[in-house]
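Just so it is clear, the structure is predicted and the values come from calculations on it, not from any experiment. Residue numbers start from 1 in every chain, and the chains themselves are labelled A, B, ... in the order their sequence lines are given, proteins ahead of strands. Heavy-atom basis, side chains included; hydrogens, waters and symmetry copies ignored.
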Amino acid sequence: MSKQNENKEIKSGAYQAAEIEAKIYQEWLDKKYFTADNTSDKKPYSIVIPPPNVTSVLHLGHALNNTIQDILIRKHRMQGFETAWIPGADHAGIATQVIVEKQLVAEGSTRREIGRDKFIERTQGWADLNKDKILHQLEKMGSSCDWSRTAYTLDDGLTSAVEHVFKHLYDKGYIYRGHRIVNWCISCQTSLSDDEVEHEDSKGKLWYIRYKLKGSDEYLTVATTRPETMLGDTALAVSPKDSRFKKYVGKTVILPILEREIKIVADSYVDPEFGTGVVKVTPAHDPNDFEIGRRHDLEEINILNIDGSINENGGKFKGLKRYDCRKQLLKELEEKGHLVKTEDYDLSAGTCYRCHNIVEPYLSDQWFVKMSELAKPAIDAVKSGEIKFHPDYWSKTYLHWMENIRDWCISRQLWWGHRIPVWYAEDGTMFISVNRPSADDCKGYDPETLVQDEDVLDTWFSSWLWPFSTLGWPNNDADVKAFYPTKVLSTGSEIIFLWVARMVMAGYEFVGGLPFTDVYIHGTVRDANGVKMSKSLGNGIDPLEIIEKYGADALRISMVLSTPDGQDPWLSKNTFEVGRNFINKVHQVSKFVMMRIGDKKPNLHEINSDDLVIFDKWILSRLHRTLESVNKSIDEYRLSTAAKTVYNFVWNDFCSWYVELIKPDKADEEIREGSLNVAAYVLNQILKLMHPFTPFVTENTYRDLHNLIEGSSETIMFAKWPEPDASFIDEKLEESLEQIQAVVTAVRMVRSELNVPPSKKSDLYIKVKDEAFGQLLENHIGYFRSLIKVENLFVGTDTKKPLVSASAIISGADIYVPLAGLIDIEVEKARLDKEITNLKNQLEKVSRKLANPDFLANAPEDVTKKERAKKEDYQERIEKMNKNLEQILGW
RNA sequence: GGGUGGUUAGCUCAGCUGGUUAGAGCACCUGCUUUACACGCAGGGGGUCAUAGGUUCGAAUCCUAUACCGCCUACCA
């Protein structure tokens, strides 16, 4: 931190976010402003929150996502929609169970020791604690969630939705139980769906192992990346088209070490070009081998225990961990001459998305959902544009996955979650029910003898119902009727498959219609080095820490400003200074305007157009241009662009120009009434426009402003959203003002470069080309006199250059600042030289263009006209500057 | 291996349908206790727009390759 920064902290005039934010949020809660009314006549606008996991508190990714949702909700609330933002949390089966199990181990216990009921009770307590923390964080961020509708995937209502859906799919034949190869995490000791497996590239080896042909001295060599699986080999396979190996098909080889006899089969899966052209077949530990095994009726030998150690089928290797076994096995193979060679090999190993251990393909009984039929309407929805992705390119990712969808393994060998609602009789007959079936439900069987499936359902099996289960489906339809489908789902790209796609399928299958019309995919939050923020890397930033230091408004606006539309934001702690400074700026300018209002009563809602000067009209024009642009950007989900537009308007147009322009020449003079009205009106619009982005400072200031003028105030939350009005936009007038700004800037530049003390006033001579512009300057000099420290202004079409003066030549005006005794000739000369060189370069470019006959022949007329005008302008300015330069040299 | 996003100032990014003196914020340099704001004001320096071709009167912008960075996806042992 620099010295300057240290000093700033002590300054007392700055905006104090913390106290204001806490107070305001509590008021919003007390008045129940966030609560949605399902009987309202207003048009609905609803969003369901992507439920955060109860395993950990929120990070900046959540802060970004929830800011986006709150911006959309608050804007639409102001636009008169009945808004419902449904908050909630997700029980996160595997992740939560893993954490609680670790706690138990640390205490010297295990889940099996304390038993299922105790374990669930304990996990529940822990999850509830975290859930509360998460909801508290959302509040601190200013989220205007409808807390009366807070949902949780393990709530009774949501649980009954899960049961309902399970039964529905089972009856339809879409849910089935199968003996299949699944992804098995040896650490979490559960199956995983394909989407819960992450692929990580790693350096591996390809081991070449030879298998001896029975009754011959010949060998067949296979290549493998997982040699330990050979303990479960039940065949070798070759391509049926491969002439090299045709003669061996049907023969037998001896599996090294275990000395088991296994046969050689021909299967078209084998690629003769790869490796040796011979593949070892381990049906119980490889999905492809499993298929080959089924085709050739091979034995399926499971060699692993659920913890990844070798079981009794591994003979003497029994009890070894998988990679220890690999080591010993390779050693023995080498000793016995079976290891032909070893090559380096890049592979991408599947790892568990929760614990990052390498996943084993594992043969077990699991429940699956058949997906192909469910996918159809979900594909159509995106293809037809009924559901739109923002940015649009994500729809390709979605469609690619949907069109290649595979069955979904939904059973998990866990205790934490929705227990599979299936009961088995001794003979294997199944009954679907959450609770023990009644005698009527299982005719012919004694309910007491039925045993419930031990496993629980994948967490996503409850979260895919989120857009309607949170609204009371299937038991209560009032909210469903009022708020389904929701409008937009805002989330990160990493759960397009896990969650978004499945919600779309669920929406069509269970409720009969799409769950949302828009999917907004925001970027992934990264640290200052571009590394994804994560708890395990420890590079995350706690939003609460940022809120404490800078305020929630600053957190929100900083995040949105620094998240490029459709790209990943790179954030560091000082990213948030941008927002804090901006909030303070708004606070300061509001303070100023209110101070100047005093006991006057400007109209905040209407403009009296009879009492406007050019600057007033200009800021109104800029305001409405801004409104036009911001509204468009938000509608297109370009929130960062919207925020930047607001930022630039407020800081540059309003604070740096307009407010400075209307400041009277002397401190004790009053602001012209018409301008003060405009300032108050524009400020009010700014506050409303900014409210979705920075809810607290705008609420606070809005109330102050209204109290001051009207003696009372309502909340800004339901204030009328500022819509653009094109009749305020005046391009010509904006151009005129840009000319005035150019004069001001030129004078400032001259003074600054010549090191004129800011306190020193001077006269100003301007020779204008156009009489009207001269009038404009003359009539409004009072407004910008203080901006350029001008004493007397001399303006006209024939104004002469004072002898000793610095000059600046801009389009349409020659500017002279008489500064006898203050001008350093060398500095002024260098300055003019630089300017002239600059202009000459530009002139050169334009001249070349205009000398090209093809350009003149082909370019549209307005372009050539523009270029000609430019050329003239450059020439004129260069001439004048040269003259000025000569004159200086003559001094 | 397929798909997809990126490459513009020291850093993070704008620049949407080709014609701009290529912009902003941060950082940097200079000056400033100027009537709200030093979390500020004014001014300044800094870019052969990844590379190579092409289309065009004209390319940061369109097309084609190449390189690098990133993400997603994939059962080639």
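Within the nucleic acid shown, A:Lys591 comes within 4.0 Å of sugar-phosphate atoms alone, with no base atom in reach, counting heavy atoms only. Within 4.0 Å of A:Thr745, counting heavy atoms only, lie sugar-phosphate atoms of the nucleic acid but no base atom. Note on A:Asp665: a base of the nucleic acid sits closer than 4.0 angstrom, heavy atoms only. Among the protein residues, A:Tyr345 comes within range of the sugar-phosphate backbone only, with heavy atoms under 4.0 Å from sugar or phosphate atoms but none that close to a base. Within 4.0 Å of A:Arg848, counting heavy atoms only, lies no atom of the nucleic acid at all. Among the heavy atoms of the strands lying under 4.0 Å from A:Pro564 are primed sugar atoms or P, OP1, OP2 only; no base atom is included. If you check every strand for non-hydrogen atoms under 4.0 Å, A:Glu494 touches nothing. Within the 4.0 angstrom heavy-atom criterion, no nucleotide atom of any strand lies near A:Ser562. Using a 4.0 Å heavy-atom cutoff across all strands shown, A:Tyr269 reaches at least one base atom of the nucleic acid. Residue A:Pro664 is classed as a base contact, given a heavy-atom separation below 4.0 Å to a base. Across all strands shown, A:Trp651 has heavy atoms under 4.0 Å from sugar-phosphate atoms exclusively, and none from any base. Counting non-hydrogen atoms under 4.0 angstrom, A:Val270 reaches a base of the nucleic acid. Using a 4.0 Å heavy-atom distance criterion, A:Lys761 is classed as making no nucleic acid contact.
Annotation: of the two residues near RNA chain B, A:Asn652 and A:Arg596, the 5′-most nearest-nucleotide partner is A:Asn652. Each of A:Arg748 and A:Lys396 lies near RNA chain B, and the nucleotide nearest A:Lys396 is the one positioned closer to the 5' end.
Applying the 6.0 Å contact sphere to CD of A:Glu861 captures no more than 12 heavy atoms from other residues, nucleotides or ligands. Around atom NE2 of A:His400, no more than 12 heavy atoms belonging to other residues, nucleotides or ligands sit under 6.0 Å away.
The distance from the CG atom of A:Asn652 to the CD atom of A:Gln741 is 9.5 Å, given to the nearest 0.5 Å. Here A:Trp394 contributes atom CH2 and A:Thr397 contributes atom OG1; the two are 5.5 Å apart, rounded to the nearest 0.5 Å. We find the CG-CG distance between A:Asp833 and A:Asn838 to be 11.5 Å, quoted to the nearest 0.5 Å.
Comparing the C1' positions of B:rA59 and B:rU64 gives a spacing of 15 Å, expressed to the nearest Å. For the P atoms, the distance from B:rG1 to B:rU66 is 12 Å, rounded to whole Å. The separation of B:rG15 from B:rA24, taken at their P atoms, amounts to 15 Å, rounded to a whole angstrom. If you take atom C1' in B:rC49 and the same atom in B:rG6, they sit 14 Å apart, rounded to whole Å. Atom P of B:rA65 sits at a distance of 11 Å from the matching atom of B:rG3, rounded to the whole Å. Using P as the reference atom, B:rA60 and B:rU51 are 11 Å apart when rounded to the nearest Å. One C1' atom belongs to B:rU7, the other to B:rG45, and the distance between them is 25 Å to the nearest Å. Comparing the same atom, C1', in B:rU30 and in B:rA67 gives a spacing of 41 Å after rounding to whole Å.
In this structure, A:Trp184 has its ring center closer than 6.0 angstrom to the ring center of A:Tyr362.
Considering only side-chain atoms of A:Thr397, the nucleotide from B:rU20, B:rC37, B:rC72 that sits closest is B:rC72. Closest to the side chain of A:Tyr874, out of B:rU21, B:rA24, B:rC37, is B:rU21. Closest to the side chain of A:Arg406, out of B:rG45, B:rC75, B:rA77, is B:rC75. With distances taken from any side-chain atom of A:Glu753 to the nucleotides B:rG44, B:rA24, B:rA36, the minimum falls on B:rG44.
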message: What does the B/S/- profile of nucleotides 55-63 of chain B look like, 5' to 3', with a 4.0 Å heavy-atom cutoff to protein?
response: --B------

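B:rU56 is unpaired under the Watson-Crick or G-U wobble criterion, no partner having all donor-acceptor distances under 3.5 Å.
Going from atom CZ of A:Arg226 over to atom P of B:rA77 covers 10 Å, rounded to whole Å. Protein atom NE2 of A:His199 is 14 Å distant from nucleotide atom C1' of B:rG1, rounded to whole Å. As rounded to whole Å, 17 Å separates atom P of B:rC76 from atom CD of A:Glu273.
Ring planes of A:Tyr647 and A:Phe582: tilted class, angle from 30 to 60°.
A side-chain N or O of A:Asp233 and one of A:Thr282 form a donor-acceptor pair less than 3.5 Å apart.
In terms of phosphate contacts, A:Trp570 brings no side-chain nitrogen or oxygen within less than 4.0 Å of OP1 or OP2 of B:rC11.
You'll find the side chain of A:Ile815 reaches within 4.5 Å of the side chain of A:Val743, heavy atoms only.
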